Peer 1: 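Below is the structure I would like to discuss, written out as structure tokens.
Fair warning: this is a prediction, and the values are worked out from it, not measured in the lab. FYI, side chains are in, hydrogens and waters are out, and symmetry mates aren't considered; it's all heavy atoms of this structure.
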Amino acid sequence: MNILFISSGLMPDYQCDSLFHGLREVFGNGVVDINKVEYMYKTFPLSEKPNLYGKGFTLYGLLEDESDIDRSDIESKIKHRFFDFIVYGSIHRCQTYVETVLDIYPPENIVFIDGEDDGKVINLLLNRGFYFKRELQAENRFILPIHFSVPKDKFINDIYELEKLSFRSHCDPRDRSTYIYEKEEDYYQQYQESFFGFTTKKAGWDCLRHYEIIAQGCAPYFPDLLDCPYLTMHRFPRLETIRLMEIADYCVQNEYLDMEGYLSNLEYLFNYAKKYLTTAAVASYVIEQLKSYSN
């Protein structure tokens with residue numbers, strides 16, 4: 001399968017970049033990034049990685065920089081329909097070739113990804129391709145939900161191998177002074193050693209931290225989760241997260257942690273995330289929506 005992935009490639013964008021990682025993982029070098037997203041590749045200088053948003057943790061510098069990825073004559077290839085699908089990784093931020101793409105390709109072969117924190121959409125494009133919106137506030141027959149994700153290789157092997165030392169992790173999004181971690185492994189370790197990791201809505205409901213916490217075998221404590229629109233973070237395991245928060249609250253009030261309940265819910269949450277919340281799973285979900293239309 002040949003997929004053209006169009007983005008500015010100028011700066012990290014979690015929705016855009018996590019989807020690109022997943023597409024490349026599932027479909028290999030048939031996924032051509034234009035512009036080339038330099039910071040996604042292992043060739044990106046390690047010295048520059050800490051300067052990326054989120055210090056480059058979790059998503060960046062992971063892909064092999066293969067020499068056989070052909071980024072030449074893109075406009076000509078679009079005109080001759082060389083690519084099976086055209087994916088705009090961040091349609092608000094990059095619309096390169098969009099007039100040509102809309103002229104040549106039918107809507108069922110075009111994907112627009114809208115990963116902005118607000119609920120605004122580009123109305124003129126809603127019937128011109130598959131439009132995926134991250135912070136989707138209400139049902140719209142022209143819009144599909146999408147969410148952040150993490151690479152499957154970032155998941156720990158087994159939650160039962162962890163030694164829990166703290167009730168709650170040090171990193172707290174309500175307090176920027178807790179953002180002390182310069183190394184990814186140290187950031188992950190504080191979650192691995194904790195029963196719960198605090199997380200919350202910031203500019204948008206979706207946040208990479210929600211998924212990082214689960215991937216490290218920690219239970220997210222997300223107090224405003226019940227207020228999140230059901231189509232935003234539409235595959236997030238809300239029931240198990242709420243059950244785990246109830247266990248945390250009971251522990252604080254009664255100084256007793258229900259380990260059996262904690263581990264059973266955490267195990268389900270962790271296994272669910274490995275199946276549905278990885279970059280590869282989200283990439284497959286997007287392509288399945290396109291294929292279901294053609295079938």
Side-chain angles (χ1 to χ4, degrees), residues 5-29 31-69 71 87 89-90 92-94 113 115-117 134 147-157 169-173 175-194 197 199 202-204 206-218 220 273-274 277-283:
F5 190 91
I6 301 175
S7 73
S8 69
L10 293 176
M11 64 184 66
D13 177 333
Y14 285 160
Q15 186 62 75
C16 176
D17 300 337
S18 60
L19 177 59
F20 172 58
H21 181 280
L23 288 170
R24 182 62 67 77
E25 189 165 77
V26 175
F27 300 105
N29 294 347
V31 182
V32 176
D33 52 325
I34 185 73
N35 298 295
K36 183 180 179 182
V37 192
E38 299 282 358
Y39 43 80
M40 295 295 293
Y41 293 95
K42 292 180 179 179
T43 50
F44 188 74
L46 287 175
S47 60
E48 295 184 26
K49 194 173 177 182
N51 298 324
L52 298 174
Y53 184 75
K55 300 182 180 178
F57 293 172
T58 303
L59 289 175
Y60 301 108
L62 303 177
L63 299 176
E64 297 291 343
D65 195 352
E66 303 291 357
S67 60
D68 59 347
I69 296 175
R71 298 181 178 86
V87 178
S90 181
H92 282 275
R93 305 183 189 194
C94 182
I113 303 297
E116 301 304 305
D117 287 324
R134 179 168 64 88
H147 53 80
F148 287 156
S149 54
V150 296
K152 64 181 180 182
D153 290 344
K154 296 297 179 176
F155 280 76
I156 61 165
N157 292 326
S169 62
H170 176 76
C171 191
D172 187 331
D175 181 1
R176 291 196 65 84
S177 69
T178 66
Y179 291 15
I180 62 173
Y181 301 99
E182 300 296 329
K183 296 181 180 180
E184 184 178 275
E185 55 266 32
D186 294 335
Y187 171 66
Y188 287 167
Q189 185 175 356
Q190 52 105 26
Y191 287 133
Q192 294 170 13
E193 294 178 348
S194 303
T199 192
K202 301 218 55 181
D206 206 9
C207 180
L208 197 65
R209 179 179 54 253
H210 307 332
Y211 309 93
E212 291 171 333
I213 290 171
I214 298 173
Q216 300 312 308
C218 183
K274 286 178 70 175
L277 305 182
T278 66
T279 58
V282 173

Peer 1: Determine the minimum heavy-atom distance between Ser169 and Gln190, stating which atoms define it.
Peer 2: CB-OE1, 3.2 Å
Peer 1: Supply the atom-to-atom distance Ser149 OG to Tyr14 OH, rounded to the nearest 0.5 angstrom.
Peer 2: 12.5 Å
Peer 1: Could you check whether any side-chain heavy atom of Lys154 comes within less than 4.5 Å of a side-chain heavy atom of Tyr188, counting everything from C-beta outward?
Peer 2: yes
Peer 1: Can you find a pair of side-chain heavy atoms, one from Met40 and one from Tyr60, that are under 4.5 Å apart?
Peer 2: yes
Peer 1: Should Thr199 and His210 be marked as a side chain to side chain donor-acceptor pair (under 3.5 Å) after you check the CA-CA gap, both sets of side-chain angles, and the distance that decides it?
Peer 2: CA-CA 6 Å; Thr199 192; His210 307 332; 2.8 Å; yes
Peer 1: Using a 4.5 Å cut-off on heavy atoms from C-beta on, say whether the side chain of Asp172 contacts that of Tyr179.
Peer 2: no
Peer 1: Under the 3.5 angstrom rule, does the side chain of Glu184 hit a backbone N or O of Thr58 as a donor-acceptor pair?
Peer 2: yes
Peer 1: Show your working on side-chain contact (heavy atoms from CB on, under 4.5 Å) between Val87 and Ile113 and close with a plain yes or no.
Peer 2: CA-CA 8 Å; Val87 178; Ile113 303 297; 4.3 Å; yes
Peer 1: Starting at CG of Asp153, measure out to CG of Leu62 and round the result to the nearest 0.5 Å.
Peer 2: 8.0 Å
Peer 1: Can a donor-acceptor pair be found between the side chains of Tyr187 and Glu182 at a distance below 3.5 Å?
Peer 2: no
Peer 1: Answer yes or no: is there a side-chain heavy-atom contact under 4.5 Å between Leu23 and Phe5?
Peer 2: yes
Peer 1: What are the two closest heavy atoms between Tyr181 and Lys55, and how far apart are they?
Peer 2: O-NZ, 3.0 Å
Peer 1: Indicate the atoms forming the closest heavy-atom contact of Pro151 with Leu59, along with that distance.
Peer 2: CD-CD2, 3.7 Å
Peer 1: Looking at Arg93, Gln15, His92, which one forms a side chain to side chain donor-acceptor pair (under 3.5 Å) with Glu116?
Peer 2: Arg93
Peer 1: Quick one: sort the His147 and Tyr211 rings into parallel, tilted or perpendicular, breaks at 30° and 60°.
Peer 2: parallel
Peer 1: Can you tell me how far the SG atom of Cys94 sits from the CG atom of Leu10, to the nearest 0.5 Å?
Peer 2: 8.0 Å
Peer 1: Under 3.5 Å, is there a donor-acceptor pair between the side chain of Thr278 and the main chain of Ala281?
Peer 2: yes
Peer 1: How about Phe57 and Leu52: do any of their side-chain heavy atoms sit closer than 4.5 Å?
Peer 2: no
Peer 1: Specify the closest pair of heavy atoms between Ala273 and Ile214, including all atoms of both residues, with the distance to one decimal.
Peer 2: CB-CG2, 3.6 Å
Peer 1: Would the distance check show the side chain of Gln216 and the main-chain N or O of Ile213 forming a donor-acceptor pair, the cut-off being under 3.5 Å?
Peer 2: no
Peer 1: Mind checking the OH-CD spacing from Tyr41 to Glu66? Nearest 0.5 Å is all I need.
Peer 2: 9.0 Å
Peer 1: Tell me the closest heavy-atom pair linking Lys49 and Gly56, and the distance in Å.
Peer 2: CE-O, 3.0 Å
Peer 1: What's the separation between atom CZ in Phe155 and atom CG in Leu277, rounded to the nearest 0.5 Å?
Peer 2: 6.5 Å
Peer 1: With a 4.5 Å limit on heavy-atom distance, are the side chains of Val37 and Asp17 in contact?
Peer 2: yes
Peer 1: Under the 3.5 angstrom rule, does the side chain of Asp206 hit a backbone N or O of Phe148 as a donor-acceptor pair?
Peer 2: yes
Peer 1: Got more than 12 heavy atoms from elsewhere within 6.0 Å of CG, Asn157?
Peer 2: no
Peer 1: What's the verdict on side-chain contact (heavy atoms from CB on, under 4.5 Å) for Val150 and Leu208, showing C-alpha distance, side-chain angles and the deciding distance?
Peer 2: CA-CA 8 Å; Val150 296; Leu208 197 65; 3.9 Å; yes
Peer 1: Is Asp33 salt-bridged to Arg71, going by a charged N under 4.0 Å from an acidic O?
Peer 2: yes
Peer 1: Report yes or no: does Arg24 contribute a side-chain atom to a donor-acceptor pair with the main-chain N or O of Val31 at less than 3.5 Å?
Peer 2: yes
Peer 1: Can you confirm whether Lys183 is buried at NZ, in the sense that more than 12 heavy atoms of other residues, nucleotides or ligands lie under 6.0 Å from that atom?
Peer 2: no
Peer 1: Does a donor on one side chain and an acceptor on the other come within less than 3.5 Å for Glu185 and Gln189?
Peer 2: no
Peer 1: Of all heavy-atom pairs between Gly9 and Tyr39, which one has the smallest distance, and what is that distance?
Peer 2: O-CE2, 3.5 Å
Peer 1: Answer whether the closest heavy-atom distance between the side chains of Ser7 and Cys16 falls below 4.5 Å.
Peer 2: yes
Peer 1: Tell me, do Cys218 and Gln192 make a side-chain contact under 4.5 Å, heavy atoms counted?
Peer 2: no
